[in-house]
Amino acid sequence: MVRLSQRGVSDIIVVVVMFILIVISSAVILGRSSDTLDASSRRKDELRMSYLYRTLNKSEVAPGVSPVRAIAEQVVLENPSVNENYLRHWLENTFDFLSARGRGTELVATYGNENWKLRVPESASASDNITFRGTFGFGESKGEVLEVDILFRTFELDNEF
Amino acid sequence: MNVSRVLRILITIIFVMAFIGVTISAYKREERMNALTTLSDASSSVAVHLASEELVWEDERGISHPEVVDPSKLSTIDGSWSCMGENYLLQTYLLYIEDGRERMIGPFGEAGGEKMSCSFSLPVSLRREGGVYPAKLRVILWYD
């Protein structure tokens, strides 16, 4: 019977096994270290999204009219206080300014079957979404409240944007 | 037989050294990543604290409006910050759009030089000349 050590086969097997082990362990050790930083970046994007909503709730697109109110009016009222084209242009500039680099923003306002949408940049595809939901209520004289759901979504842009 | 044994020992030593090298490099990388993550989380904490407490605009009746920034308070920000046993230096400024151009108030606080830094921009509202405008509160943080 042939002894492995005499042919050097065992040496080669040991070397190969050690080589495979070092490659696998290096990949595992070096590969996992950016997870915490990625999680922190995501937390920041979520925080930014929540503050984007608050900013649009507290700033003014026209004297005394918040952007969130103006968006809700587009869905509910026949004659909203802010012209739709002006509002779209204003929101496009604001999203472009406030969004993080490399991310786009989309909003969808919904009341019943009616909805109003805006995506910046318009032709971007949405992936890796972070969403934030808000509600704007209109009080009516009969004591009823019309609630418009407003969904904000931020997404990662492809390299072409 | 002797040559084979010497070769085997040499290769084993090379692999062990390589493994130790990879482990040390991974440890240093992990340490740097942890430091960056802490800095990153601290930058968002500072920005939220400033936007919700230190810089808030107060109306004529003395009512505070969180997330609405009073630009006159920016110059009162302390250029240092302590959180979870770590000390940081910070620089702050406010960006807003006026007449279609991006404008800046600040910066306030000293720059940290070549040290590891992290910046974070938080959307806020800016109270200015009777109106409330969208703005970005940018915080840059360094380890002290």
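Being a predicted model, the structure only gives us computed values, none of them experimental. Protein chains get the first letters and strands the later ones, always in sequence-line order, with residue 1 at the start of each.
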Undergrad: For residues B:Ala51 and A:Tyr51, report the shortest heavy-atom separation together with the two atoms involved.
TA: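 It is CB-CE2, 4.4 Å.
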
Undergrad: Which pair of non-hydrogen atoms, one from B:Ser40 and one from A:Ser40, has the smallest distance, and what is that distance?
TA: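 So the minimum-distance heavy-atom pair works out to OG-OG, 2.6 Å.
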
Undergrad: Report which part of B:Leu126 has an atom under 4.5 Å of a heavy atom belonging to chain A: side chain, backbone, both, or neither.
TA: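 It is neither, since no heavy atom gets under 4.5 Å.
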
Undergrad: What is the distance from atom OG1 of A:Thr36 to atom CG of B:Leu36, rounded to the nearest 0.5 Å?
TA: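 Rounded to the nearest 0.5 Å, the OG1-CG separation comes to 9.0 Å.
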
Undergrad: Which distance, rounded to the nearest 0.5 Å, do you find between the CG of A:Asp38 and the CE of B:Met33?
TA: 8.0 Å

Undergrad: Do you know which two heavy atoms are closest between B:Val132 and A:Lys58, and how far apart they sit?
TA: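 That closest heavy-atom pairing would be CG1-O, 3.3 Å.
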
Undergrad: Can you tell me how far the CG atom of A:Leu47 sits from the CZ atom of B:Phe120, to the nearest 0.5 Å?
TA: 4.5 Å

Undergrad: Can you tell me how far OG of B:Ser121 sits from CG of A:Leu98, rounded to the nearest 0.5 angstrom?
TA: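 Atom-to-atom, A:Leu98:CG and B:Ser121:OG are 9.5 Å apart.
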
Undergrad: Can you tell me which portion of B:Ala135 sits under 4.5 Å from chain A's heavy atoms? Options are side chain, backbone, both or neither.
TA: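 Looking at B:Ala135, just its backbone touches chain A.
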
Undergrad: Could you look at B:Ser45 and say if it's the side chain, the backbone, both or neither that has a heavy atom under 4.5 Å from chain A?
TA: neither

Undergrad: Report which part of B:Ser43 has an atom under 4.5 Å of a heavy atom belonging to chain A: side chain, backbone, both, or neither.
TA: side chain

Undergrad: What is the distance from atom CZ of A:Arg48 to atom CG of B:Leu122, rounded to the nearest 0.5 Å?
TA: 8.0 Å

Undergrad: For a quick test of reading the model, state the closest non-hydrogen atom pair linking A:Ile22 to B:Ala18 and the distance between them.
TA: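 The pair with the smallest heavy-atom distance is CD1-CB, 3.5 Å.
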
Undergrad: Under a 4.5 Å heavy-atom cut-off, does chain A meet the side chain of B:Tyr133, its backbone, both or neither?
TA: backbone

